[in-house]
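Both backbone and side-chain heavy atoms feed into the values below; hydrogens, waters and symmetry mates do not. Throughout, a chain's letter reflects where its sequence line sits, starting with A, and its residues are numbered from 1.
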Amino acid sequence: MSLNAVKPVRGTHDLIGEQQRRHAHVIATARRITGLYGFEEWATPVFEDTSVFARSLGDTSDVVSKEMYTFSDRGGESLTLRPEGTAGICRALVTNGLTQSLPQKAFYAGPMFRYERPQKGRYRQFHQIGAELIGSGEPLADAETITMGRDVLEALGIVDEVVLELNTLGDAESRATWRTALVAYFSDYRNRLSEDSQLRLEHNPLRILDSKAAEDQPVIEGAPGLEQYLNDSSRHFWDDVRRGLDVFNVAYTVNPRIVRGLDYYSHTAFEFVTNRLGAQGTVLAGGRYDGLVEEMGGPATPAIGWAGGIERLAMLLDEAPDATAPIAIIPLGAVAETPAIRIMTELRAAGLRSEMAYRGNLKKRMERANRAGASYAIILGEAELASGVVQLRDLSEGQQREVAPDDLVKLLSHTKKTGSSV
RNA sequence: GCGGACGUAGCUCAGUUGGUUAGAGCGCCGGUUUGUGGUACCGGAGGUCGCGGGUUCGAGCCCCGUCUUCCGCCCCA
């Protein structure tokens, strides 16, 4: 790198070659699978009025103040780069009047931004796929949405790398009574809690449950579970979600420590987790958020969804999808260029990826074709022009024969091979 | 925001207790009589050792600061 080369912003990454192909594959796969479930892709702005996200977060101290990319535009309005996808989707639902035509099934993919310290699979600009099913309050909707997430992971070939952890947060009433009991319990053991957890007791007591501090574990063991505080309807909902997962044939383990900090969450919470990515093991996660649309100024509307981190999913893919192998067109001498371009144009019109280098002798062009992972080389010089043929060389087999130019499309169309360029 | 580790060619890394013009492999470029690649041989380019200070006769190596990346913590919408 040269002396005064510009540097990328901390926590941002370029996606080139294999990396971009991995990302594109994750997105294309998720788009296809969610499509099978009747979801349609939405694209919302990457920045919104700050209130869109601030509202969805309430006044969760750290998150709003320290971890969002917030700035003023020239008109003095406070804007924020979206830190996640759900709030924007809900805002779009409301502003487009779609609360009148529920349910809506939205799939999205794109960059998100959080001002955090980077680690592997956790960047300041990162990318997510996500799906939101808005307007369905039945437990079966939860089961089907989770199943859809499982299917995406399966289609990516990584379902064996993850386990599905499931929990219920109950409805607002159940959670309130549980929370009270929890705070009372932890307060009794306050001095046995870690310093962090003593702070959490003040502003986010549920988070003590997934504390990593060793000294917290014995206290957490004895903490009251939500189970005993669930009211009847919440209990039925929870039972029905699990029954639904059985019907859809989705395996899960119940993990009572999965919590969500915000009030609009209710009932189902789930995470697909891997142990292959260190501390960033959650690969796709979601839950029910029946209170959010109302928070955005719409009518009370039930909703459930999930989001998955593309970086993490891309890292788990066994191998990157191959680039499509091109066909290399190699004219020898200036007179061959025009017929070569004609052939190349025909191949492209037939849907075949074709490239021609502008310079270099035959040897150089062959080397270049090889490096580009070309499947075939089409060589034509004066001798070929004179007899109305071209040389068609199979670069993987090393065999070469003369063919009529008109036969090329037919010969190459069914031999779509893959190469390993970039 | 807190704690820790790393930072030498495009990539992966070597570089003895600080001592002359900083190395290797891979990759890249060129050549091996000019119409044949992926494999052999020969040659070449490319680094002010992340950046900035300091100590020293002398710093890639020691000290301080700073930036990045990575590992944890906090947070995780």
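One cannot find a donor-acceptor pair under 3.5 Å joining the base of B:rC28 and the side-chain atoms of A:R371. One donor-acceptor pair, N or O on each side, does fall under 3.5 Å between the base of B:rG37 and the side chain of A:R393. A donor and an acceptor atom never sit less than 3.5 Å apart when one is taken from the side chain of A:R260 and the other from the base of B:rA77. Between the side chain of A:Q400 and the base of B:rG35 there is no donor-acceptor pair of N/O atoms closer than 3.5 Å.
Nucleic acid contact for A:R114: base, since at least one base atom lies under 4.0 Å from a heavy atom of the residue. At the heavy-atom level, A:G398 lies under 4.0 Å from base atoms of the strands shown. The residue A:Y123 sits close only to the backbone: its heavy atoms come under 4.0 Å of sugar-phosphate atoms, none of a base. Residue contacts for A:F126: at a heavy-atom cut-off of 4.0 Å it reaches no nucleic acid atom on any strand shown. If you check every strand for non-hydrogen atoms under 4.0 Å, A:D196 touches sugar and phosphate atoms only. Counting non-hydrogen atoms under 4.0 angstrom, A:E384 reaches a base of the nucleic acid.
In this model, the phosphate group of B:rC76 is not approached by any side-chain N or O of A:K212 to a distance below 4.0 Å at OP1 or OP2. Taking only side-chain nitrogens and oxygens, A:K364 comes nearer than 4.0 Å to OP1 or OP2 of B:rG30. At B:rC74, none of the side-chain N or O atoms of A:N204 fall inside 4.0 Å of OP1 or OP2 (strictly under the cut-off). Distances shown here put a side-chain N or O of A:K363 below 4.0 Å from the OP1 or OP2 atom of B:rG37. Of the side-chain N and O atoms in A:Q119, one or more sit less than 4.0 angstrom from OP1 or OP2 of B:rG72. For A:R207, a side-chain nitrogen or oxygen approaches OP1 or OP2 of B:rC76 to under 4.0 Å. Listed pair A:R10 / B:rU69 meets the phosphate criterion, a side-chain N or O lying under 4.0 Å from OP1 or OP2. Using a 4.0 Å cut-off, no side-chain N or O of A:R82 falls inside it from OP1 or OP2 of B:rA77. Close to B:rC75, at under 4.0 Å from its OP1 or OP2, lies a side-chain N or O of A:R200. The side chain of A:Y69 places no N or O atom within less than 4.0 Å of a non-bridging phosphate oxygen (OP1 or OP2) of B:rA77.
A salt bridge links A:E367 and A:K364; the closest N-O separation between the charged side-chain nitrogens and carboxylate oxygens is under 4.0 Å. Look at A:R288 and A:E138 and you find no salt bridge, because none of the NZ, NE, NH1 or NH2 atoms lies under 4.0 Å from a carboxylate O. Between A:E161 and A:R276 a salt bridge is recorded (basic side-chain N to carboxylate O distance below 4.0 Å).
Taking atom CZ of A:R122 as the reference point, atom P of B:rC76 lies 10 Å away to the nearest angstrom. Across the protein-nucleic acid pair, A:F53 atom CZ and B:rC75 atom P stand 22 Å apart, rounded to whole Å. Rounded to whole Å, atom P of B:rC76 lies 22 Å from atom CZ of A:F272.
Across the P atoms, B:rC75 and B:rA9 are found 38 Å apart, a figure rounded to whole Å. Taking atom C1' on both nucleotides, B:rC61 is separated from B:rA14 by 14 Å, rounded to a whole Å. Separation of the P atoms belonging to B:rU16 and B:rU20 is 11 Å when rounded to the nearest angstrom. A gap of 13 Å separates the P atoms of B:rC11 and B:rG47, to the nearest Å. Comparing the same atom, C1', in B:rG10 and in B:rG27 gives a spacing of 7 Å after rounding to whole Å. Spacing of P atoms, B:rC76 relative to B:rC70, comes out at 22 Å, to the nearest Å. Rounded to a whole angstrom, the distance from the C1' atom of B:rC42 to that of B:rU33 is 15 Å. Nucleotides B:rA22 and B:rG15 have their C1' atoms positioned 8 Å apart, rounded to a whole Å.
Of the two residues near RNA chain B, A:G11 and A:E382, the one whose nearest nucleotide lies more 5' is A:E382. Nearer to the 5' terminus of RNA chain B, by closest-nucleotide assignment, is the contact made by A:A383 (compared with the other of A:T12 and A:A383).
Of the nucleotides present, none pairs with B:rU17 by Watson-Crick or G-U wobble criteria with both distances under 3.5 Å. Across all strands shown, B:rG52 forms a Watson-Crick or G-U wobble pair with B:rC64, both key distances being under 3.5 Å. Summarising the base pairing, B:rC11 is matched to B:rG25 through a Watson-Crick or G-U wobble pair whose two defining distances lie under 3.5 Å.
Side-chain atoms of A:T301 come within 3.5 Å of backbone atoms of A:P299 as a donor-acceptor pair (strictly under, hydrogens ignored). Under the 3.5 Å distance criterion, the side-chain polar atoms of A:D171 are left unmatched by any main-chain donor or acceptor of A:S234.
Among the nucleotides B:rA77, B:rC76, B:rC70, the one closest to any side-chain atom of A:P118 is B:rC70. The side chain of A:I379 has B:rU36 as its nearest neighbour among B:rU36, B:rA77, B:rU69. Nearest to the side chain of A:P83, among B:rC67, B:rU36, B:rA77, sits B:rA77.
Considering every non-hydrogen atom in both A:T145 and A:G305, the closest pair reads CG2-CA, 4.3 Å. Minimum heavy-atom separation, A:R365 to A:G360: NE-O, 2.7 Å. The minimum heavy-atom distance linking A:V250 with A:T147 is given by the pair CG2-OG1, 3.4 Å.
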